[in-house]
Structure formats: C-alpha cells, structure tokens
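Report on the following structure.
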2 protein chains.
Amino acid sequence: MAGSRDTDKTDKFYSGYSKIFVAIDCIIFGFINNDLNILLFKRDIEPEKGKLSLIGGFVQEKESPEDAAQRILLNLTGIKDVFLEQLFAFGEPERDPGERVISVAYYALLKAQDLDNEHVELHGARWCPVNDSTDLIFDHNEMRDRALLRLQRRAKSRPIGFELLPRKFTIPQLQSLYETIYQKKFDNRNFRKKLLTMNILEQLGVKDKTGSKKGAYLYRFDKEKYDRFLREGFLFNL
Amino acid sequence: MAGSRDTDKTDKFYSGYSKIFVAIDCIIFGFINNDLNILLFKRDIEPEKGKLSLIGGFVQEKESPEDAAQRILLNLTGIKDVFLEQLFAFGEPERDPGERVISVAYYALLKAQDLDNEHVELHGARWCPVNDSTDLIFDHNEMRDRALLRLQRRAKSRPIGFELLPRKFTIPQLQSLYETIYQKKFDNRNFRKKLLTMNILEQLGVKDKTGSKKGAYLYRFDKEKYDRFLREGFLFNL
DNA sequence: GCAAAAGTGTTCGGGCTACACCCATGA
DNA sequence: TCATGGGTGTAGCCCGAACACTTTTGC
C-alpha cells in the first residue's frame, strides 16, 4: 500500500500502525498410489494434539512470501524449484488463537518420486490422501479446499498435471491423475485423442510394463511445444 | 501458518519472528464515458510527487484484510458492500522503499453513477482511464495489470460486468463494456444472442433514448435466474 | 431524407460426447 | 486360455463465428 494522502514513507509515519506476523502455509500435492495426497504434520503437542496441520513457517525480514515458501519447501523436501503458486491470504483476526497472524497460502505440486521419504519423515511430515485429510487445525481445511479447487481450475487450462507425474509417464497414468483430481471418470478414447492433438507430448518408443501385462508407451512432456501452445492459447476442457 | 514442529502458540514462541506491516491496496474499476477507469491518488508530496498511486491503507489489529479493504472503500466512496475480490499478496522486501510492507491487493467493481464525485475528490482521488494509468508508484503497475487480467478472466465465466453498469442498462451498453474490458470488438448479433439465451436478463419494456435516436430497451439483471444459472454452471466465452 | 444506432436469422465448421471391439501379454 | 489393461475410429450434436439488411427517429 502507499500513496494515499495519509501515508508517507518515513518509518515515523508507518509506526502509527501495527505490525503483524506474516506466515506461509503450503498445500503440497503429490500423486501417490493413484491418489491425490497432501503433505501434513501431525501435531505432537497440545493444544490440538493429534490434529493435522499444513506445513508452514514465517516470512522473514528480508525475503518475499514466495521466497519464504520456497525456503520452507526446500527445507522439508530437499527439492529446489518446486511448482508453486500463491493461493490466497488468510487473515481473520482470530484464525490463529495464539496471536494475530496473517497467512499467505501457497499450493505446490511435486513429483512424489523425487522425494526422499526419510528426509520428510525426519521433519515430522507425511503424506495423507486429500479425502482423508478432514479436520485440520485452524482454517487449514478451508486452505486445502481452496487449493483443490484451484488445482481443478488450473488443470483445465494448462497441463499442470504434468507437475505431479514422473518425467516419463504413460497416458493411462495421466488419465488416472486427472480422474483423481476431478473425482470423475473420463472416456479413454476421448482423453487420449484430446491430449495427442495438443501435440505437446513426445512418445519415447519405450513401454512401461509395471501397470499392465501389455505395457503402455511412455511419453515425455515437450516443453518447447507446450510453450508454443500456451502462446497460442488453449483450453483443456475435460 | 501453524502446526509444523517448530511452531507453538505461545506469544513467547512467535516472538522469535518479526512482525511486518500489512497493507491493503485497492484497484477500483469504474465504467465511465465508455471507458474503463480506475480510482487513483495523485501524490502531492515528495518523493514520487506527481506520480499516481492506488488507494490503500493498513490492516488494523482487529480486522481482516477483507474488512480493511471494505473500510477503505467505504471511507473513500461512501458506498457499502462494494464488489470486492482478493487479488494477490505482494511482498517483495524492497517493494516499498520506506519500510518493509506486505500488501494484499483487492480489486473492486463499482457503479460509477453511485459515486458522489465531490466526496471522492475531497479525499484526493480521481478517475483515470486504465490505459492512461501508466507509471504508478512502487509495484502498483503490476497490481493494476494483474487486476485487469483477473477482471478479463472473471468476466468470461460470470456476468461480473453487471457490477460496473447501472442497475438498468441496455444491451449495447453492456456490449460496449465488454469491448472495453477486452479491447476488442464483438459481433452485436452474437453478443445479444448469447446473453439472451442465458436467460438472466429481464427486459423492462422501457427504452433509453440517451444513446441513440431510436432508443434501446432497458434491461435489469435477474439475480434469481442468475443464481440458478450459476448452480448449473456455465461459461461466457466471448 | 438522412445519419446513427438498434435490432434481427442463417449457415458453416470444429470440437466435444458417446459408444464397442481388438490387441498384447503374463500368469 | 483367460484375465487385465492398452489401444483405436466414427457419427451426431451443439456452439461459436461469420456475415448484411431493415427499423426507428431526431435533426
């Protein structure tokens, strides 16, 4: 904020207002066992002991909220440059019963295979299917719900789902991911057709046999083609 | 934020972190003289004297960011319950050269006719066409651009544009609004057809003759029909 | 009577939807 | 050989895009 007649840039002036703790909470999605999961902490202290919460931290003096979120994610997962998007700033005065805290929520998508599970568990976190993650503390349920909605909207207008799959994946895997995100079945012929006509996938000529006896072709996401695609604009429409 | 192992709810604990000023900035849209305008302040003090800025204020101890935005709007415009949506939290450490401030930006849509212009000017604000509003202070250009993008996306998926018109309006007026938002001409036959088949407008049987010699029928937005419409889901697609 | 804006239908093509059978393989 | 999941083509429909002329009335 700034620029209204009753603001000035001197610290003296701003000091008439109160400062507030600014936190970050991350809704971290991963696709595991054919199910959409989020990374959660189980609280091991009172109050709310045993209840689950999102992963979070505070914004420090010299970092942006975005940087703070990346720091928290790096610290927890050991992974740099995670896909991250700001979701919403939650700021009800009583949202944290301890003290006034405004939290900027981010959602993150990560390739679960990249994750060192021991590292994560050392930090006290663990995956939990989104559908089982009822009853989080504070307003974290609302954050999770909003993140899921955002993910659903985004996945329609860009191939965001790729962020959740390994670099090499099969079309049935991708379809299964989309079916999980939308909690809805898609026609496999139409799904495949749609994707292939977008022309953003590169077939690798190799089959993955873990999913079936016949095996399914592995594909890779072609970033160049995708960027061209984005520039020309498109919609997913499932 | 909360719940990670290294957080607790005692004030004592949080006190290890630093508090930050949290501000609100509002991008206030109005449709005036067939052009999309935003409400701005012209800075009358150094530094940045003469430069324009958005309308803003600080979040107070016991109000949510949303409440703060409504308070700032009410104070400036005298209008309650303005259409308001959170846009983004801007928090680069150096965004405000005076001091560390994180700003939660909101965009607002208001019916410019409802506005008491003297009241607004008393507060030092004035309308400025979006396209002429280059060169705002700080990161306000980015805020304005992001707000415009959001408005464009929203106006596709719901009749948000109605918030910018008088309660009674003609279809050519509405089309003109959409053409301004998208900086693009639409076919009047298709536009009209699309809207009328949505069945959310109520014709009032009265003509408005200010726009042309022939006069155009006035319509009113039918909230009940619209709500039904929303529940059933739709897309605008212009 | 003419200028200026409002109002009105039809045609075409592209994309989404629905739908059913064969293929390859491991057990 | 059979069970399991992978892969393929077509027809109908709906919706958006393109397109031009008549109507009303103030001047």
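Order of the sequence lines sets the chain letters (A, B, ...), proteins ahead of strands, with each chain counted from 1. Side chains are part of it too, since the values below use all heavy atoms of this structure and drop only hydrogens, waters and symmetry mates.
- Rounding to the nearest 0.5 angstrom, the gap separating the CG atom in A:L76 from the SG atom in A:C26 is 9.0 Å.
- Rounded to a whole Å, the CD atom of B:E179 is 13 Å from the P atom of C:dA5.
- If you take CD of A:Q173 and P of D:dG7, they are 11 Å apart, rounded to a whole angstrom.
- Rounded to an integer number of Å, the gap from CZ of B:F191 to C1' of C:dG7 is 14 Å.
- Taking atom CG of residue B:L196 and atom P of nucleotide D:dC15, one finds them 15 Å apart after rounding to whole Å.
- Rounded to whole Å, atom P of C:dG7 lies 10 Å from atom CG of B:D208.
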>> Treating primed atoms plus P, OP1 and OP2 as sugar-phosphate and everything else as base, which nucleotides of nucleotides 19-27 of chain D get B, S or - for protein heavy atoms under 4.0 Å?
In response: BB--BBBB-

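- The salt bridge (charged side-chain N to carboxylate O under 4.0 Å, His left out) analysis of residues 112-132 of chain B, with sequence neighbours excluded, yields the pairs B:D114-B:R167.
- Between the NZ atom of A:K185 and the C1' atom of C:dC19 there is a distance of 18 Å, given to the nearest Å.
- The salt bridge (charged side-chain N to carboxylate O under 4.0 Å, His left out) test applied to A:R153 returns no partner, not counting sequence neighbours.
- Listed by chain and number, the residues in a salt bridge (charged side-chain N to carboxylate O under 4.0 Å, His left out) with B:D67 amount to none (sequence neighbours excluded).
- When the P atom of C:dG15 is taken as reference, atom CG of A:L195 falls 15 Å away, rounded to whole Å.
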Please tabulate, for side-chain N and O atoms in residues 210-222 of chain A, each donor-acceptor pair with protein atoms closer than 3.5 Å (sequence neighbours left out).
residue : atom : partner : partner atom : Å
A:T210  : OG1  : A:D208  : OD1          : 2.9
A:T210  : OG1  : A:D208  : OD2          : 3.1
A:S212  : OG   : A:G215  : N            : 2.9
A:R220  : NH2  : A:E202  : OE1          : 3.1
A:R220  : NH2  : A:E202  : OE2          : 3.2
A:D222  : OD1  : A:E224  : N            : 3.1
A:D222  : OD1  : A:K225  : N            : 3.2

Validation: residues 104-113 of chain B side-chain donor-acceptor distances under 3.5 Å, sequence neighbours left out:
residue : atom : partner : partner atom : Å
B:Y106  : OH   : B:E66   : N            : 3.2
B:Y106  : OH   : B:Q86   : NE2          : 3.3
B:Y107  : OH   : B:E85   : OE1          : 2.8
B:K111  : NZ   : B:F162  : O            : 3.3
B:K111  : NZ   : B:L165  : O            : 3.3

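- The distance from atom CZ of A:F186 to atom C1' of C:dC16 is 13 Å, rounded to the nearest whole Å.
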